[in-house]
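In what follows, chains are A, B, ... by sequence order, proteins preceding strands, each numbered from 1.
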Number of protein chains: 2
Amino acid sequence: MNNMTTARTPVPDTARRLPEAERRLSLRERKKLKTRTAIRDATYRLIKEQGYEATTVEQIAEEAEVSPSTVFRYFPTKEDIIITDEYDVLVEDLLRSRPADEPVLESVRWAIRQSMAMQVADTPEYAQEEMKLRTGLMVSVPAVRSRAMESMSVTGRLLCRVLADRTGRDPDDLEVRVYAMGLMSALLEAVLYWAERDYQDDVLDLVDRTLSTFSNLARRSPDDGHDILTG
Amino acid sequence: MNNMTTARTPVPDTARRLPEAERRLSLRERKKLKTRTAIRDATYRLIKEQGYEATTVEQIAEEAEVSPSTVFRYFPTKEDIIITDEYDVLVEDLLRSRPADEPVLESVRWAIRQSMAMQVADTPEYAQEEMKLRTGLMVSVPAVRSRAMESMSVTGRLLCRVLADRTGRDPDDLEVRVYAMGLMSALLEAVLYWAERDYQDDVLDLVDRTLSTFSNLARRSPDDGHDILTG
DNA sequence: CACCTTTTGAGAGTTACTCTCATTTCATGC
DNA sequence: GCATGAAATGAGAGTAACTCTCAAAAGGTG
């Protein structure tokens with residue numbers, strides 16, 4: 001592959017990320033953002049060419065034009081370079097912006113759609129491709145999948161807090177936690193399903209089906225096709 | 001700590017494990033089982049004394065009186081020494097032994113109780129302690145927790161197959177997978193909850209509450225305390 | 001006992017990750 | 001513009017989890 005940029009044109013994709021929020025930051029903060037995305041872009045580029053295992057952190061550092069130390073300062077593990085997303089806070093805000101009497105699953109559905117739309121808006125050309133690469137790695141690389149599950153459980157705790165606020169329960173309540181983790185895990189499974197089938201389905205459609213399955217669990221009638229699981 | 005056994009008395013706990021199945025195996029197979037449990041016992045012993053991070057595979061090898069190479073031959077990663085369980089096949093058999101028209105969650109509840117009872121029967125003195133150590137490590141060591149989630153998702157696939165057989169669906173059906181993974185993940189969360197609270201609750205009680213939460217998801221009435229989550 | 005297969009140990013090598021310290025780069029008050 | 005302090009970076013050494021290879025040992029079988 002030689003459609004990659006030469007060293008003379010460092011990290012070209014960088015400029016496209018975080019177009020608005022990037023302003024009004026100190027030079028230092030802007031530089032930090034730049035190296036962060038430079039590292040991530042370099043990682044995606046190399047992995048696309050060579051695969052995950054064949055790509056070492058040293059190579060990533062070189063490609064991103066930083067030292068290996070810096071890579072580890074920005075991302076605690078190699079998997080984090082791929083998985084870490086900054087959208088968790090966003091999702092929490094989105095969830096909290098919904099009326100408290102809306103069914104939880106509706107709020108979640110809306111928050112997912114909204115956050116995906118915003119990601120696409122941030123980086124139109126790359127959002128889809130990056131998401132495919134990421135989920136593909138979740139399927140093929142156990143370490144990445146593990147890290148994704150960890151990250152998902154963090155999002156689960158977030159959902160716990162929202163649920164707790166809505167229902168007046170404790171966020172550490174067993175029932176709250178079980179519900180939140182079950183839901184998050186189901187959603188992750190949907191994404192894995194999407195990647196395993198070579199992204200043929202519409203992700204949002206899979207999300208809808210997942211949420212439906214989740215809300216229909218207790219019904220016994222086999223009339224809508226999503227609810228005969230409980231026997 | 002000097003209640004540890006000397007090198008002259010190698011792996012004393014070993015003899016207690018797998019008391020029945022161990023016979024009728026060739027000498028080779030028996031030896032393999034022995035080293036396997038020797039490694040595991042050594043690991044638990046060392047971790048109890050020194051903690052997880054401080055315990056290296058080299059130390060484990062020495063304590064188990066094998067070479068480091070052998071340790072890695074038996075367990076692909078250090079976390080696997082702690083997490084790997086041989087009870088998955090057992091659980092599948094247990095699930096399949098139930099009548100096909102029994103509600104799934106009932107079968108699961110029964111299978112969990114049964115498999116726990118059998119583990120206790122296998123190694124009465126150590127079963128509880130080992131389970132506590134293991135779940136404690138899931139809470140405190142991210143790598144172990146990740147590995148546990150991976151292992152859980154394998155069990156989830158198993159549940160998919162059982163569900164598929166029962167409902168006549170495909171085991172790769174999105175709804176089947178989402179249901180199975182959601183349930184498994186919820187159960188794992190219950191165990192983590194148990195460990196986080198210093199094992200004060202009865203695990204089986206937590207399992208029951210988890211399964212109840214799962215089966216009550218779609219109901220709206222706030223009358224039994226487990227079901228107002230869907231708002 | 002001899003022959004073949006499986007298991008083991010020894011050792012070298014890779015790589016992710018950690019820690020420390022000196023150097024550079026940015027922010028700020030003058 | 002410049003001095004001073006703080007934050008970010010780079011360089012390098014070190015650790016430990018794995019991987020691979022190959023020769024020695026042990027088990028199974030005629």
Open item on the list: When you measure only distances, ignoring hydrogens and angles, does the side chain of B/Ser69 come within 3.5 Å of the base of C/dA10 through a donor and an acceptor?
Closed with: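 Donor-acceptor pair under 3.5 Å: yes.
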
Open item on the list: When you measure only distances, ignoring hydrogens and angles, does the side chain of A/Arg28 come within 3.5 Å of the base of C/dT25 through a donor and an acceptor?
Closed with: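 Indeed, a donor on one side and an acceptor on the other fall under 3.5 Å apart.
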
If the threshold is 4.0 Å, N to carboxylate O, is there a salt bridge linking [X] and [Y]?
{"X": "A/Arg145", "Y": "A/Glu150", "result": "no"}
{"X": "B/Asp88", "Y": "B/Arg157", "result": "no"}
{"X": "B/Glu129", "Y": "B/Lys48", "result": "yes"}
{"X": "A/Arg98", "Y": "A/Asp93", "result": "no"}

TODO: Please determine, for the side chain of B/Thr70, which listed nucleotide (C/dA16, C/dT8, C/dT25) has the closest atom?
DONE: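 The listed nucleotide nearest to B/Thr70's side chain is C/dT8.
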
Using atom [atom1] of [X] as one end and atom [atom2] of [N] as the other, report the distance to the nearest whole Å.
{"X": "B/Lys34", "N": "C/dT8", "atom1": "NZ", "atom2": "P", "value": "13 Å"}
{"X": "A/Arg73", "N": "C/dC21", "atom1": "CZ", "atom2": "P", "value": "14 Å"}
{"X": "A/Gln59", "N": "C/dT14", "atom1": "CD", "atom2": "P", "value": "14 Å"}
{"X": "A/Ile82", "N": "C/dA16", "atom1": "CD1", "atom2": "P", "value": "11 Å"}
{"X": "A/Glu62", "N": "C/dA16", "atom1": "CD", "atom2": "P", "value": "14 Å"}
{"X": "A/Glu29", "N": "C/dA27", "atom1": "CD", "atom2": "C1'", "value": "12 Å"}
{"X": "B/Phe72", "N": "C/dG13", "atom1": "CZ", "atom2": "P", "value": "18 Å"}
{"X": "B/Lys32", "N": "C/dT5", "atom1": "NZ", "atom2": "P", "value": "16 Å"}

Open item on the list: What's A/Tyr74 touching, base or sugar-phosphate or nothing? Going by heavy atoms closer than 4.0 Å.
Closed with: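 Sugar-phosphate contact only.
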
Open item on the list: What contact category does B/Pro68 fall into here, base, sugar-phosphate, or nothing, at under 4.0 angstrom with non-hydrogen atoms?
Closed with: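 The residue B/Pro68 makes no contact with any strand.
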
Task: A/Gln128, CD: over 12 other non-hydrogen atoms inside 6.0 angstrom - done: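 It does not: A/Gln128 CD has 12 such atoms or fewer within range.
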
Task: Bounds of contact between DNA chain D and chain A, in 5' to 3' order, using a heavy-atom cut-off under 4.0 Å - done: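 Listing 5' to 3', DNA chain D meets chain A from D/dA6 to D/dG12.
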
- [ ] Would you verify whether the NZ or CZ of B/Lys78 falls within 45 degrees of the ring axis of B/Tyr52 while also being under 6.0 Å from that six-membered ring's centre?
- [x]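 Because its charged atom sits under 6.0 Å from the ring centre and within 45° of the axis, B/Lys78 does stack over B/Tyr52.
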
Open item on the list: Can you tell me how far apart CG (A/Leu211) and CG (A/Leu183) are? Round to the nearest 0.5 Å.
Closed with: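 The CG atom of A/Leu211 sits 6.5 Å away from the CG atom of A/Leu183.
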
Open item on the list: Can you tell me if A/Lys31 touches the phosphate of C/dT25, counting only side-chain N or O atoms and a distance under 4.0 Å to OP1 or OP2?
Closed with: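 Answer no for this pair, as no side-chain N or O of A/Lys31 is under 4.0 Å from OP1 or OP2.
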
